[in-house]
Amino acid sequence: MPNKSPYLPKDIEESIYHEWEQTGVFSPSDKVNTFSLMIPPPNVTGTLHMGHGFQNAIMDCLVRFKKMQGYSTLWQVGTDHAGIATEMVVERLLAKEGISKTNLGRKKFIEKVWDWKHQSGDTITQQLRRLGGSLDWENERFTCDDKYTEAVQHAFIELFDAGLIYQGYRLVNWDPKLQTSLSDLEVINEERDGKIWTIRYAIENSDTYVEVATTRPETLFGDMALAVNPEDSRYSHVIGKRAIIPTANRSVPIIEDSYVDSAFGTGVVKITPGHDFHDYEVGQRHGLHLNDSGEAMTGETSMFLPISIMDKNACLHGEIPNEFKGLERFQARKLLLEKLGSMKMLVAEKDHRINIPIGDRTNEILEPLLTKQWYVDAKTLALPAIKAVKNNEIKFVPQNWEKTYFQWMDNIQDWCISRQLWWGHRIPIWFDENENAYAGTSESHVRQKYRIDGALRQEEDVLDTWFSSSLWTFATLGWPKKTERLELFHPTSTLVTGFDIIFFWVARMIMMTIYFMKEIPFKEIFITGLIRDENGQKMSKSKGNILDPIDLIDGITLEKLIEKRTFGLMQPQLEEKIIAATRKQFPNGIDSYGTDALRFTFYSLAAPGRDINFDIGRIGGFKNFCNKLWNAMHFIDFQIEKHDFEWNLEANAFMHPLNSWMHKQIIEASQLIEDHIRNYRFDLASVTLYELVWSKYCDWYIELSKNLLTEAQKEQQKLLITGLIVNLEDIVKLAHPFMPFITEKIHRKLRAIQGKDQTVFLVNTSMPSLREPVIKDNGFINDAIQIISSIRTIRSELELDNQISLALNVPQDISNEALKDMNALKAPLARMCGVENLIQQELDQSTHAINLLISGVKYQLIFPDNFNFDKIVESLRDKKIKIVEQIDLIESKLNNQNFITKAPQDVVTNQQQKLIQLKKENQYLEESINKYS
RNA sequence: AGACCCGUAGCUCAGCUGGUUAGAGCGCUGUCUUGACAUGGCAGAGGUCGGUGGUUCAAGUCCACUCGGGUCUACCA
């Protein structure tokens with residue numbers, strides 16, 4: 001007996017990746033026929049989640065497949081510095097030691113971040129290796145490494161010099177906790193329960209009032225006008241008058257603007273341009289400003305100058321009553337409402353659902369705040385980027401995502417790229433004493449470039465992380481230098497990413513790449529769904545439903561899983577719930593499934609255009625699949641040992657009909673799989689492969705060959721074993737992009753049997769479809785399969801004892817060759833469906849037999865003489881009922897003149913032929929029924 | 001408010017430009033421990049495709065309306 005090692009993924013997977021990497025097998029092999037793909041750079045200090053696992057599995061499959069199709073492939077690897085996320089993590093770590101960022105100072109803080117990066121930075125890249133990713137490690141990039149930083153600076157300076165980057169004093173989304181601006185994409189609008197208050201404003205020089213509805217009363221100190229709709233007759237008499245801000249010793253003009261919806265609230269809106277994005281626009285239209293005596297006035301657009309009453313901590317300041325100075329915004333609100341109440345200026349307080357802007361990282365309520373920031377002129381950059389997708393230079397898969405893209409691009413706003421953080425690319429701008437800005441790579445560069453001698457001060461802010469990642473496809477390849485890699489691998493072939501970053505990343509990459517490279521970044525964008533839990537819930541820490549791909553690969557105990565899910569919870573009150581849910585879902589923890597099974601699960605779930613509910617139940621099935629493949633190899637081992645096999649018949653392998661039948665199945669499957677991969681239908685590709693391995697190779701090919709291996713002549717045995725080897729080798733090639741580890745292992749064993757060099761990696765071999773096809777028509781194997789299946793069903797229906805053997809009468813008119821083929825399969829027929837005898841003769845009436853229709857030909861299954869047929873008549877009658885139903889259906893179609901004339905000819909022909917078959921079958925059934933009832 | 005997606009067997013999902021008897025995995029039922037594999041073999045039960053109406057010779061597949069679930073974008077102070 002060969003040593004029977006069970007399928008244990010751990011044993012297989014551990015060493016193999018190391019060998020791949022050491023050999024440098026993932027670096028591009030050639031300079032022609034390139035296929036390239038950029039990894040969406042994960043956060044350098046992050047860890048792998050299911051989304052990464054899924055997307056990287058897909059990318060790896062694509063890359064390996066292309067490589068095996070003869071392309072010179074590059075899968076560029078790298079990580080992102082993730083400004084905000086990383087800065088927050090490090091701040092939190094420092095806080096535990098009682099150190100604050102500001103106390104530490106910028107330089108020291110950045111050192112700490114680098115320390116953290118060095119300490120945890122390779123966690124995620126190690127995890128990518130566990131997934132089997134065929135990434136080009138020799139050219140790994142990090143968005144903050146020197147070369148990349150050079151590219152970022154270069155890009156900024158070029159855009160600045162072209163006037164596409166400018167500094168502006170505007171409202172931005174301000175995160176008071178992080179003390180930085182955010183781009184509108186980083187804002188989550190959350191609907192919450194809030195209130196709306198109605199406040200009275202007195203009309204100046206009169207004893208009348210107007211009532212104003214607001215959800216943010218505390219901003220009233222920043223009011224610069226009240227506005228009504230010009231069509232609103234209720235208020236026409238106050239237009240042009242002034243209203244007094246209650247509690248503030250100040251009046252504002254009452255203006256008309258069609259922005260105001262008369263039907264909402266009271267129809268009067270307070271205009272606070274310094275704290276509301278809409279009011280900002282209204283203010284701009286009306287040129288609101290303060291005159292020399294500090295009174296709010298309308299004027300020319302150019303005179304617009306909003307006032308701000310909050311500082312960067314969202315505390316009130318400026319020209320406001322003393323008692324409010326320094327108060328935090330919500331405390332100020334409370335105090336103000338009390339005061340208004342006592343002044344009888346608060347008319348109403350009602351519950352109201354409001355949208356609150358939240359920072360996506362901090363969960364802090366954001367404040368629209370007037371600050372100086374750097375902007376990219378996105379409108380200009382967007383135009384060619386829109387065009388590239390419109391004219392199909394860049395294709396979204398599935399296509400409907402382009403709608404999302406257009407929707408955003410058509411309404412794009414200028415992009416605020418400055419962040420008041422320390423971790424990131426410091427903006428390469430220097431200011432002179434008069435606040436004029438100059439862009440350059442360094443102070444000396446600026447001095448030289450602009451011939452400046454006076455004092456220079458560098459901009460403190462850093463760039464939005466997405467600014468650097470928007471350069472990813474070309475900056476990783478060496479830009480701004482004209483490198484060979486850039487020449488060879490740009491534009492890249494495909495981008496695989498999630499819909500959640502179409503705006504953040506995809507759109508911006510397209511804009512920047514077209515601007516700098518004068519070409520598109522990628523030709524196709526495959527948008528994957530999100531991985532959710534088995535109930536369709538988003539996986540999140542606070543829900544406690546996170547799955548770590550590595551835990552699915554290695555397995556994890558219940559205790560450790562609970563520990564992981566509850567560690568560092570932001571809301572500790574959820575802990576009990578999470579523990580209970582985890583215990584319920586994984587009472588025994590999680591088994592070890594191995595990378596190959598996990599990957600295969602991802603593929604099988606990767607239907608396009610929809611999110612994926614990850615059902616842990618499915619991964620077990622695919623581990624079994626790996627086991628099945630593993631045991632096919634065992635079967636071969638076993639045969640080799642048993643039959644004293646020698647490898648010298650390779651050239652003749654397909655002379656055996658069973659071998660060539662299997663070969664044909666493989667070629668057909670590989671063509672299908674190639675199509676599916678081209679269409680990003682990994683789900684369909686995986687089904688095809690599953691079927692090929694399990695159903696075709698194991699259930700039929702191996703099973704059919706078993707008896708032949710025992711009974712056939714020595715030469716035949718050798719031929720069959722050779723075929724088993726050749727065909728399994730083709731299968732592992734086809735399967736390799738999906739299940740790289742197990743296939744590599746099997747491939748080695750197969751090569752060992754053949755006495756071939758075992759250091760050849762599968763990824764360096766070619767897909768079987770690229771081989772000369774050796775296809776002989778083996779229709780009779782398919783007939784045999786049908787015969788066996790039919791007989792098995794009958795045996796099972798009749799609850800036939802295994803001991804009872806049957807005979808099969810082959811039709812008289814069958815060709816000699818077919819009969820020969822049939823006879824060759826005698827042994828398998830006996831073993832697989834209990835048919836011991838094949839005869840070919842006219843049966844007399846006394847023979848106990850029922851008819852079988854196989855490929856339009858009548859076979860007769862012969863039973864022992866004393867057999868009781870009551871049961872079979874019953875089942876034959878059931879069958880007949882179904883057949884008659886179908887016959888009726890088709891006849892009614894064919895009797896319909898409209899069908900005959902309007903349906904395409906081939907559909908009609910098809911139905912006619914079908915009818916003939918069904919009638920034949922019906923006739924045979926009837927014969928059998930009549931005979932035995 | 002606009003856009004998009006989904007609703008097919010107990011569960012998770014396929015079903016391409018409308019055309020054979022609507023498929024798979026898991027689960028379930030029965031049966032089998034036979035020398036690749038019980039992480040297995042064999043056989044089987046189970047959906048009329050959310051609803052209504054329409055187009056068509058023909059609809060799970062196209063159209064309209066509708067119910068239910070989800071996502072994104074924009075929002076009325």
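The sequence lines fix the lettering, A, B, ..., with proteins before strands; numbering per chain opens at 1.
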Original post:
Mind checking the P distance from rG70(B) to rC62(B)? Whole angstroms is fine.
Top reply: 24 Å
**OP:** Could you tell me the separation between the CZ atom of R795(A) and the C1' atom of rG41(B), rounded to a whole number of Å?
**Re:** 15 Å
**OP:** Round to a whole Å and report the spacing from CZ of F406(A) to P of rU73(B).
**Re:** 18 Å
**OP:** Tell me whether the OP1 or OP2 atom of rU73(B) has a side-chain N or O from T404(A) closer than 4.0 Å.
**Re:** no
Original post:
For the pair made of CE in M739(A) and P in rU39(B), what is the distance, rounded to whole Å?
Top reply: 19 Å
**OP:** May I ask you to verify if any side-chain N or O of K403(A) is less than 4.0 angstrom from the OP1 or OP2 atom of rC72(B)?
**Re:** no
Original post:
Which whole-number value in Å describes the distance from N802(A) CG to rA43(B) C1'?
Top reply: 12 Å
Original post:
When you check the gap from the basic side-chain N to the acidic O, do D675(A) and R678(A) get nearer than 4.0 Å?
Top reply: yes
Subject >> NZ/NE/NH1/NH2 to OD/OE distance under 4.0 Å, E891(A) and K919(A) >> reply: yes
Subject >> Check: F682(A) ring centre within less than 6.0 Å of H676(A) ring centre >> reply: no
Original post:
Rounding to a whole Å, what distance do you find between F625(A):CZ and rA36(B):C1'?
Top reply: 15 Å
Original post:
Does any donor-acceptor pair link the side chain of N355(A) with the base of rC75(B) at a separation under 3.5 Å?
Top reply: yes
**OP:** Return the nucleotide paired to rU29(B): Watson-Crick means purine N1 to pyrimidine N3 with N6-O4 or O6-N4, wobble means G-U with N1-O2 and O6-N3, both under 3.5 Å.
**Re:** rA43(B)
Original post:
Side-chain N or O of W408(A) less than 4.0 angstrom from OP1 or OP2 on rG2(B)?
Top reply: no
Subject >> Integer-rounded Å distance: rC13(B) P and D611(A) CG >> reply: 10 Å
Original post:
Is it true that the NZ or CZ of K623(A) lies under 6.0 Å from the centre of W630(A)'s six-membered ring and within 45 degrees of the ring axis?
Top reply: no
Original post:
Does R216(A) come within less than 4.0 Å of E367(A), counting only side-chain N to carboxylate O?
Top reply: yes
Original post:
Has H352(A) got a side-chain N or O lying under 4.0 Å from the OP1 or OP2 atom of rA77(B)?
Top reply: yes
Original post:
Does the base of rA36(B) carry an N or O that pairs as donor and acceptor with the side chain of E703(A) under 3.5 Å?
Top reply: yes
